[in-house]
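Accompanying notes for the structure given below.
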Amino acid sequence: MEPFTTHTGVGVPLRRSNVDTDQIIPAVYLKRVSRTGFEDGLFAAWRSDEHFVLNQEPYRAGSVLVAGPDFGTGSSREHAVWALGDYGFRAVISARFADIFRGNAGKQGLVAAQCEQSDIELLWKLLETEPGTEVTVDLVEKTVRAKDFTAPFVVDDYTRWRLLEGLDDIALTLRHVAVIDEFEQARPEWKPRTTPIPTAAGQH
Amino acid sequence: MAKTLAEKVWDQHVVRRGTGAEPDLLYIDLHLVHEVTSPQAFDGLRLAGRPVRRPDLTIATEDHNVPTVGIDLPIADPVSRTQVETLRRNCAEFGVRLHSMGDVEQGIVHVVGPQLGLTQPGTTVVCGDSHTSTHGAFGALAFGIGTSEVEHVLATQTLPLRPFKTMAVTITGALGPGVTAKDIILAVIAKIGTGGGQGYVLEYRGEAIEALSMEARMTVCNMSIEAGARAGMIAPDETTFAYLKDRPHAPRGADWDAAVAQWRELRTDDGATFDEEVVLDADTLTPFVTWGTNPGQGLPLSAAIPDPELIADENERVAAEKALSYMDLAPGTPLRAISVDTVFLGSCTNGRIEDLRAAAEVIRGRQVAESVRMLVVPGSMRVRAQAESEGLDQVFLAAGAEWRQAGCSMCLGMNPDQLAPGERSASTSNRNFEGRQGKGGRTHLVSPLVAAATAVRGTLSSPEDLVTAATSTDAKD
C-alpha cells in the first residue's frame, strides 16, 4: 500500500445522506474478478444524469469527496472503495461512515475522514460557490483545509499509523504467527470443521 | 467482572491483546466464502505465495450470481460465469470445500452454514458479505468483512479488530397473530435508524426474542447490518441446542455434552452493562413495510406515506423527498393502496423453510393476482427439497407462482432475476436501496406473510385483509 501523508485535490460536494454501497457501485459491476478498472461503475445510476456533480466541470476531476452522513452503508463490497480509488478519489469526508466501509477504506489507502456535519455544510457551500476549490486532507495534522477553511477530522490512530507508513495488514499479523499456533493448539476438539465432510450421521 | 455475551465471545477469541491504539488479534472459527468477494483475495494469496492457513475452517458456496432456473445449463452471462468458474478454480487450488450449483448442499451462504450445523454458539464467523450477522442468532459473533479482510482471514485465520460497543435491544411482550420476526427487525431499524447501530454489536433479548424459533431469530439478526451494526446476537438456549442437535457438523456424544455445558455459559451476566439500550414492545407491533429507499424508512402497513415537509431534520427531509421521487409515491397515500408488479419470497433474510411454510399457508387455495408475478426462491437446495417433501411447491405452483432453484436471486441485481426499470416489488429481502433489485426497480420490504397476501391482492396487504375481503365487502383496518 502507498503511504498517505497529505493530499490536495478538487473537492466534490455530494449532498446526499445514506449513500449506500449499492449506489457507490451497483451489484452488476461486481462480477469482475480483477482488482482494477471499477471506475466505470462508480455511482453508475447517477452518472447518467447530466446534473450529477461528477458530470460537471470542474468537479469531474475531483479527488476529495465531501458527502452527507452515513456514507458507505449496506453491503460489505470492497468494490465501493476500489471504484472510488480507481476513479481518482484519495479521501472521503463525511460526518458518519458505515463500519465496514471505513474498515475497507483503511485497507486500501483511501482516507475516510470524519468531520462535524456543520463543517461539512461549510465545505459544501464553499465548493458550490467556488467550484474547483482544492481541498487538502492532512493525515499528519488530522485536518481538512480549503482556502480559509480549516476543520479537524477523526480517524482511528491505528489506521492512521498504517496509512502513514503504508503497511500491509497481513504481513503485520504474520509477525505473530507463533501466538496463532499456540492459540490453535488450545482450541477445543469439538469446535466445528468443514472437512472432512461427514459421510453419514455419527461418522466423521 | 460481569460481561455481556458479545464480550465473552470476544475474549475467548483474543489471540493477542493489542496495546495502545493497536487492535486485538481475533481468531476466526468459521470463514464462509462466495464467488463475489473472494476472487481478488485468492489472487492476493497467489501473488504473495501464501496458502490458506485453515481450509478445514473454510467453506464456499455459489449464490449471488447463480440463475434460479435452468441450472443444468452453463450460466448465460459470461461475466457471471467467469466469476463462478474462478471460485471453482480457487477452491480446487487452495483445497477449500465448495458446494456448486446443482449440489445438494448448495445455497445462500447464510442458509448453508446453519443448516449444516457449522454455525455454533460462541464461535466467531466471518464472510465477505454484510449479512453474516445472520449467524449471531446462535450466539456466535458473526460479521461481514471486505475483500482485504477475506484475504487476511484466508492467510492467517485471524483479524485485527478493535472491540465493538454493545447495545441491548430488548423486545418485551409477545407478538400478535400475523406479526413476525421481520416486523420486529424492520421496526427496530425504523426506531434506531440506518446509522443507529454503527460500531455496535446488538444483543436482542426479552420474552419476544426468547419465544422465536431459530429461523425467526436468524431473520432478526440478519438485518442488524441494516441498522448499521457490526453484528447481532441472541444468547443460545434450549431452542438453539434443539436446532443444532444431530446436524451434520454438530458435536456428538461426549463432545455434545461438553459443548452444551460451555454454550450454557454464553449469556450476558447479571450486572453487566451495555453501552446503549433500546426497548421495543412486541405487543404494539403490527405488520411493517418500507416506503422509501433505505430500510429505516418503514411504517406499519396501516399507515400512509409520510409528508417530507413535516420532517424536521433537513438531511432526513431531503432523503425522504429523494426517496418518494424515486419510488414514485405521493405523501398521504395509504400503504395498502400501493400496487406491486412483483412479489419476491426468498433471500438470506426470509428464504428458509418456515418462511416458505408461512407464505404457503396464506397462498393455499388462493390465486396470485393476474397483474402480479411471484417468485418463490428457497434459500438452499435442502430447503427446496424439504419444501417439496411437504408439497409446498405444489401450493405455490397451483396459485400461479414460480418455484425456483436456490440462490440470492432477486435480492440483488447480479443474476437474471431482476426488476425492470419502474417495476415495483414487495420483497422479503433486506434492502430497498435504489436499483438494488435491478436498475430503476422499486422495492418494499415485507415479511413472508405480507408478501403472500400482497401477491393475492396485488396491493400491499396482510393476511388479515384476505379474510376481511372474503367475509365482508366493507373491508376495514
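On a predicted model such as this, the values are computed, not experimentally measured, just so you know. The analysis underlying the following values was restricted to heavy atoms, covering all of them including side chains, and did not include hydrogens, waters or symmetry mates. Proteins come first, then strands; the chains are lettered A, B, ... in the order of their sequence lines, and each starts at number 1.
Chain A forms the most heavy-atom pairs under 4.5 Å with one residue out of B:T58, B:T293, B:N430, and that residue is B:T58. With chain B as partner, the option from A:A98, A:G103, A:G74 having the largest number of non-hydrogen pairs under 4.5 angstrom is A:G74. Taking chain B as the reference chain and counting heavy-atom pairs below 4.5 Å, the highest number among A:E184, A:E189, A:R193 is found for A:E184. No other option in A:L30, A:L172, A:T21, A:V179 has as many heavy-atom pairs under 4.5 Å with chain B as A:L30. Comparing A:L174, A:D20, A:T73, A:I100 by how many heavy-atom pairs each has under 4.5 Å with chain B, the most go to A:D20. Ranked by heavy-atom pairs under 4.5 Å with chain B, the list A:R96, A:Q23, A:R35, A:K107 is led by A:Q23.
There is no contact between B:V150 and chain A, counting heavy-atom distances below 4.5 Å. With a 4.5 angstrom heavy-atom cutoff, B:E434 touches chain A via backbone and side-chain atoms both. Proximity to chain B (any heavy atom under 4.5 Å) is shown, for A:A186, by neither the backbone nor the side chain. Proximity to chain A is absent for every atom of B:P295, based on heavy atoms less than 4.5 angstrom apart. For a residue to count as touching a neighbouring chain, one of its non-hydrogen atoms must lie under 4.5 Å from one of that chain's; by this rule B:I225 touches chain A with the side chain only. Looking at A:W82, only its side chain comes within 4.5 Å of chain B, counting heavy atoms on both sides. Only the backbone of A:S34 comes within less than 4.5 Å of a heavy atom of chain B; no side-chain atom from C-beta onward does. Interface remark: B:H64 contributes no atoms to any contact with chain A (heavy atom separation under 4.5 Å). In this structure, the portion of A:Q108 lying under 4.5 Å from any heavy atom of chain B is its side chain and not its backbone. Looking at B:I59, the atoms closer than 4.5 Å to chain A (heavy atoms on both sides) sit in the backbone and in the side chain alike. Looking at A:F183, the atoms closer than 4.5 Å to chain B (heavy atoms on both sides) all sit in the side chain, from C-beta outward. Only the side chain of B:L30 comes within contact range of chain A, judged by heavy atoms closer than 4.5 Å. Looking at B:R436, both its backbone and its side chain come within 4.5 Å of chain A, counting heavy atoms on both sides. Both the backbone and the side chain of A:D169 come within less than 4.5 Å of a heavy atom of chain B. Using a 4.5 Å cut-off between heavy atoms, B:Q418 does not touch chain A at all. Neither the backbone nor the side chain of B:L161 has a heavy atom closer than 4.5 Å to any heavy atom of chain A. Residue contact with chain A, scored on non-hydrogen atoms closer than 4.5 Å, is absent for B:R247.
Ion pair A:D22/A:R77 flagged as a salt bridge, since at least one NZ, NE, NH1 or NH2 atom sits closer than 4.0 Å to an Asp/Glu carboxylate oxygen. Electrostatic pairing of A:D181 and B:R53 counts as a salt bridge here, judged by a charged N lying under 4.0 Å from a carboxylate O. Between A:E130 and A:K147, at least one side-chain nitrogen of the basic residue sits less than 4.0 Å from a carboxylate oxygen of the acidic one, meeting the salt-bridge criterion.
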Could you go through residues 111-122 of chain A and list every donor-acceptor pair under 3.5 Å that involves a side-chain atom there, pairing it with any protein atom two or more places apart or in another chain?
{"from": "A:Q114", "atom 1": "OE1", "to": "A:R102", "atom 2": "NH1", "distance (Å)": "3.1"}
{"from": "A:Q117", "atom 1": "NE2", "to": "A:E121", "atom 2": "OE2", "distance (Å)": "3.0"}

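Between B:E149 and B:V126, the closest side-chain pair of non-hydrogen atoms is not below 4.5 Å.
Counted by atom type alone, B:N65 and B:H34 present zero donor-acceptor pairs between their side chains at under 3.5 Å. Checked by atom type, the side-chain pair B:Q198/A:D99 shows no donor-acceptor distance below 3.5 Å. Judged purely by distance below 3.5 Å, without hydrogens or angles, the side chains of A:T194 and B:D56 never pair a donor atom with an acceptor atom.
Between A:F97 and A:F71, the two ring planes are perpendicular [angle over 60°; tilted spans 30° to 60°].
Checked against ring pair (Phe, Tyr, Trp, His ring centres under 6.0 Å), A:W46 has the following partners two or more places apart in sequence or in another chain: A:F43, A:F52.
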Is there a side chain to side chain donor-acceptor pair (under 3.5 Å) between A:T6 and A:D138? Walk through the geometry before answering. CA-CA 4 Å; A:T6 177; A:D138 186 335; 4.6 Å; no
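Panel note: side chain B:T147, backbone B:T37; a donor-acceptor pair is recorded below 3.5 Å.
Checked against a 6.0 Å centroid threshold, the rings of A:F38 and A:H79 count as neighbours.
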